[in-house]
**Student:** 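Structure provided below as structure tokens; questions to follow.
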Amino acid sequence: MNHKVVVALDAMGGDYAPAETVKGAVEAVREHPEIKVILVGKEKEIQNELEKYTYSEDNIDVKNATEIIDMGEVPTKAIREKKDSSLVVAMNLVRNDQADAVVSAGSTGAILVGGQLVVGRIKGIKRPALAPFLPSKKGFSLLIDCGANVDARPEHLVQFAQMGSVYFENVMGKKNPTVGIVNIGTEEEKGNQLVKETYPMLKECRDINFIGSVEAREIAKGGCDILVCEAFVGNVILKFFEGVALTFLGCIKEGLLASLRTKIGAVLIKPALKGLLKTFDVSSQGGAPLLGLKGLVVKAHGNSKSSEIRTAIAQCIAFKENSISDKIAKMVQE
């Protein structure tokens with residue numbers, strides 16, 4: 001079988017590994033037979049999980065790795081010393097052109113460090129950036145950066161905007177997507193020093209469709225396609241978004257089960273409510289790609305279940321088919 005995309009999955013990364021990671025891989029190849037997944041990790045444990053499922057053996061391989069990078073480890077030390085960890089072995093598959101992408105729900109710090117040290121940055125890219133999709137009333141917005149650069153400079157944010165534009169245009173199919181910088185007001189003079197210095201640089205950048213500042217309350221409304229910020233702000237936005245969504249869902253369930261009358265009403269509105277809640281599900285897009293690397297590295301949530309792993313694997317298709325890394329490299333050269 002001629003596979004379009006080969007994905008190296010860190011089978012030992014995440015809170016529910018390897019059970020949920022293996023299950024997600026099986027679901028992914030069932031849904032997308034053009035994908036091949038290489039499950040990287042402790043071979044015996046992975047095989048034990050695989051025995052639970054029926055799948056095409058042409059679509060799943062297992063590569064043994066004897067070590068695991070735990071969440072609490074120092075990222076740089078772990079990447080340098082644990083050469084036979086599931087994450088490092090998976091990343092080396094991309095580095096050596098044996099896989100097109102890496103997906104991991106493991107340590108964010110280790111993924112960021114490994115992405116740069118093992119996979120490598122595109123020449124000219126100052127800092128790679130994590131870029132998850134946030135659901136909104138209008139569809140999805142790309143949040144960049146959400147965890148890779150807490151000490152970003154204005155020139156870094158400009159590159160984030162450029163990389164985000166390339167990614168959004170090719171993956172979402174929207175020409176000339178809008179770019180905004182996350183701020184505490186819409187006036188140009190508002191914001192901290194980083195925002196004030198970055199704003200005029202974004203205005204002058206010809207590669208993007210910059211529309212100005214975007215306040216936090218406009219994010220869920222879909223006020224902008226690409227939301228640019230440094231990682232501290234981005235991570236707060238992402239975690240707050242996730243927390244509100246979970247709390248909102250819990251409150252709705254509690255209210256609907258409060259009495260016999262509300263339970264009857266719940267049955268009637270269940271189809272519409274299910275669609276609405278799915279719209280604002282942060283995990284529905286899988287993971288966050290680390291843009292700016294020579295190959296694709298996708299960071300899935302640490303508590304990802306099989307459905308999120310499946311979606312994270314599937315999102316690698318569009319990245320590969322649209323040659324995102326090559327287009328980002330070309331953008332930098334120009």
**Student:** Once salt bridge (Lys or Arg N to Asp or Glu O under 4.0 Å) is applied, what residue pairs with a partner in residues 147-171 remain, sequence neighbours excluded?
**Tutor:**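 Those involving residues 147-171 are Arg127-Asp151, Arg153-Glu155, Glu169-Lys175.
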
**Student:** Atom CG of Leu202 and atom CD1 of Ile211: how far apart are they, to the nearest 0.5 Å?
**Tutor:** 11.5 Å

**Student:** With the threshold set at 4.0 Å, does a side-chain nitrogen-carboxylate oxygen contact exist between Lys196 and Glu189?
**Tutor:**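 Looking at Glu189 together with Lys196, the answer is no, because their closest N to O distance does not fall below 4.0 Å.
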
**Student:** Below 4.5 Å, heavy atoms only, C-beta onward: do Lys23 and Arg310 meet side chain to side chain?
**Tutor:** no

**Student:** Is a side-chain donor-acceptor pair under 3.5 Å present for His156 with Glu230?
**Tutor:**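 There is no such pair (donor and acceptor under 3.5 Å, judged by atom type) between the side chains of Glu230 and His156.
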
**Student:** Are Asn64 and Val89 packed together at the side-chain level, in the sense that at least one heavy-atom pair is separated by less than 4.5 angstrom?
**Tutor:**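 A side-chain contact is absent here, since even the closest heavy-atom pair is not under 4.5 Å.
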
**Student:** Judged by atom type as modelled, is there a donor-acceptor pair below 3.5 Å linking the side chain of Lys138 to the main-chain atoms of Gly223?
**Tutor:**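 A pair under 3.5 Å: no.
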
**Student:** Would you mind reporting whether Val29 and Ile313 have side-chain heavy atoms less than 4.5 Å apart?
**Tutor:**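 No, too far: nothing below the 4.5 Å cut-off.
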
**Student:** How close do Thr108 and Leu130 get, counting heavy atoms only, and between which atoms?
**Tutor:**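 Smallest heavy-atom distance, with atoms named: CG2-CD1, 4.2 Å.
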
**Student:** With a 4.5 Å heavy-atom cut-off, do Val62 and Ile38 have their side chains touching?
**Tutor:**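 They are not in side-chain contact.
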
**Student:** Specify the closest pair of heavy atoms between Ala231 and Asp145, including all atoms of both residues, with the distance to one decimal.
**Tutor:** CB-OD2, 3.4 Å

**Student:** So does Asp326 get a backbone contact from the side chain of Ser323, meaning a donor-acceptor N/O pair under 3.5 Å?
**Tutor:**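 Judged by distance alone, no pair lies under 3.5 Å.
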
**Student:** Checking salt bridge (Lys or Arg N to Asp or Glu O under 4.0 Å) for the pair Glu187/Lys190: CA distance, chi angles, key distance, verdict?
**Tutor:** CA-CA 6 Å; Glu187 299 87 352; Lys190 286 283 185 73; 3.2 Å; yes

**Student:** Is the number of heavy atoms from other residues, nucleotides or ligands under 6.0 Å of Tyr55 OH greater than 12?
**Tutor:**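 Enclosed: over 12 neighbouring heavy atoms sit under 6.0 Å from OH of Tyr55.
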
**Student:** Within this structure, what is the OG1-CD1 distance for the pair Thr21 and Ile309, rounded to the nearest 0.5 Å?
**Tutor:**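 The distance works out to 6.5 Å.
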
**Student:** Take Lys63 and Glu43 through the salt bridge (Lys or Arg N to Asp or Glu O under 4.0 Å) test and state the conclusion after the steps.
**Tutor:** CA-CA 7 Å; Lys63 186 168 181 62; Glu43 187 171 7; over 6 Å; no

**Student:** State whether the side chain of Thr311 and the backbone N or O of Ser307 hold a donor-acceptor pair below 3.5 Å, judged by distance alone.
**Tutor:** yes

**Student:** Does a donor on one side chain sit under 3.5 Å from an acceptor on the other, for Asn48 and Lys44?
**Tutor:**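 No, because no side-chain N or O of Asn48 sits under 3.5 Å from a partner of the opposite role on Lys44.
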
**Student:** Would a 4.5 Å heavy-atom cut-off, applied to side chains only, mark Leu290 and Lys299 as touching?
**Tutor:** no

**Student:** Could you check whether atom NZ of Lys320 has more than 12 heavy atoms from other residues, nucleotides or ligands sitting under 6.0 Å from it?
**Tutor:** no

**Student:** Before you tell me yes or no, could you show the steps for Phe168 and Phe140 under ring pair (Phe, Tyr, Trp, His ring centres under 6.0 Å), namely the whole-Å CA-CA distance, both residues' side-chain angles and the distance that decides it to 0.1 Å?
**Tutor:** CA-CA 10 Å; Phe168 196 97; Phe140 290 93; 9.3 Å; no

**Student:** Check whether any side-chain heavy atom of Val214 lies under 4.5 Å from a side-chain heavy atom of Ile181, and answer yes or no.
**Tutor:** no

**Student:** Spell out, as yes or no, whether a donor-acceptor pair under 3.5 Å connects the side chain of Glu197 to the backbone of Pro154.
**Tutor:** no

**Student:** Tell me the closest heavy-atom pair linking Ser325 and Ile122, and the distance in Å.
**Tutor:**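 Answer, listing the atom of Ser325 first, then Ile122: O-CD1, 3.5 Å.
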
**Student:** Look at the side chain of Asp10 and the backbone N and O of Gly13, then say whether any donor-acceptor pair between them is shorter than 3.5 Å.
**Tutor:** yes

**Student:** Which heavy atom in Lys203 sits nearest to a heavy atom in Glu188, and how many Å separate them?
**Tutor:** NZ-OE1, 3.4 Å

**Student:** Among Asn59, Asp58, Asp61, Asp100, which one satisfies side chain to side chain donor-acceptor pair (under 3.5 Å) with Lys36?
**Tutor:**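 When side chain to side chain donor-acceptor pair (under 3.5 Å) is applied between Lys36 and each of Asn59, Asp58, Asp61, Asp100, only Asp61 qualifies.
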
**Student:** Calculate, to the nearest 0.5 Å, the distance between atoms CE and CD1 belonging to Met12 and Ile68 respectively.
**Tutor:** 4.0 Å

**Student:** Ile219 vs Ile237, test: side chain to side chain contact (heavy atoms under 4.5 Å, CB included). Steps then yes/no.
**Tutor:** CA-CA 9 Å; Ile219 293 175; Ile237 291 172; 3.9 Å; yes

**Student:** Can Arg30 and Glu27 be counted as an ion pair, charged N to O under 4.0 angstrom?
**Tutor:** no

**Student:** Take Val228 and Ile226 through the side chain to side chain contact (heavy atoms under 4.5 Å, CB included) test and state the conclusion after the steps.
**Tutor:** CA-CA 6 Å; Val228 177; Ile226 299 153; 4.2 Å; yes

**Student:** Would you find a donor on one side and an acceptor on the other, under 3.5 Å apart, between the side chain of Glu204 and the backbone of Tyr199?
**Tutor:**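 Side chain of Glu204 to backbone of Tyr199, a donor-acceptor pair under 3.5 Å: no, none is there.
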
**Student:** Between the side chains of Asn170 and Lys327, does any donor sit under 3.5 Å from an acceptor?
**Tutor:** yes

**Student:** Can you list the steps and then say if Leu227 with Ile144 is a side chain to side chain contact (heavy atoms under 4.5 Å, CB included)?
**Tutor:** CA-CA 6 Å; Leu227 303 159; Ile144 184 169; over 6 Å; no

**Student:** Could you check Glu215 against Ile184 for side chain to side chain contact (heavy atoms under 4.5 Å, CB included), going step by step and ending with a plain yes or no?
**Tutor:** CA-CA 6 Å; Glu215 292 182 283; Ile184 58 172; over 6 Å; no

**Student:** Is any side-chain heavy atom of Lys294 less than 4.5 Å from a side-chain heavy atom of Lys123?
**Tutor:** no

**Student:** Between Glu73 (side chain only) and Asp70 (backbone N and O only), is there a donor and an acceptor less than 3.5 Å apart?
**Tutor:**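 Indeed, once roles are kept as given, a pair shorter than 3.5 Å links the two residues.
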
**Student:** Please check: side-chain N/O of Glu34 versus main-chain N/O of Lys4, any donor-acceptor pairing under 3.5 Å?
**Tutor:**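 Checked: no pair found.
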
**Student:** I'd like to know if the side chain of Ser141 reaches the main chain of Cys224, judged simply by a donor and an acceptor atom lying under 3.5 Å from each other, with no hydrogens or angles considered.
**Tutor:**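 Side chain of Ser141 to backbone of Cys224, a donor-acceptor pair under 3.5 Å: yes, one is there.
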
**Student:** Measure the shortest side-chain to side-chain distance between Ile125 and Val332 over non-hydrogen atoms and say whether it is less than 4.5 angstrom.
**Tutor:** yes

**Student:** Shortest non-hydrogen contact from Gly191 to Asn183?
**Tutor:**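 What the structure gives for the nearest pair is CA-OD1, 3.2 Å.
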
**Student:** Check for me, please, whether Val22 and Val7 land in the same ILVMFWY cluster - side-chain distances under 4.5 Å, paths through other members count.
**Tutor:**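 The answer is yes; both residues are in one hydrophobic cluster.
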
**Student:** Count the heavy atoms belonging to other residues, nucleotides or ligands that lie under 6.0 Å from OH of Tyr53, then report whether that count exceeds 12.
**Tutor:** yes

**Student:** Would the distance check show the side chain of Asp225 and the main-chain N or O of Pro177 forming a donor-acceptor pair, the cut-off being under 3.5 Å?
**Tutor:** no

**Student:** Go through the steps to decide whether Phe133 and Tyr167 satisfy the test ring pair (Phe, Tyr, Trp, His ring centres under 6.0 Å), and finish with yes or no.
**Tutor:** CA-CA 11 Å; Phe133 279 109; Tyr167 183 61; 5.8 Å; yes

**Student:** Is the charged tip of Lys305 near the ring of Tyr16: under 6.0 Å from the six-membered ring centre and within 45° of its axis?
**Tutor:** yes

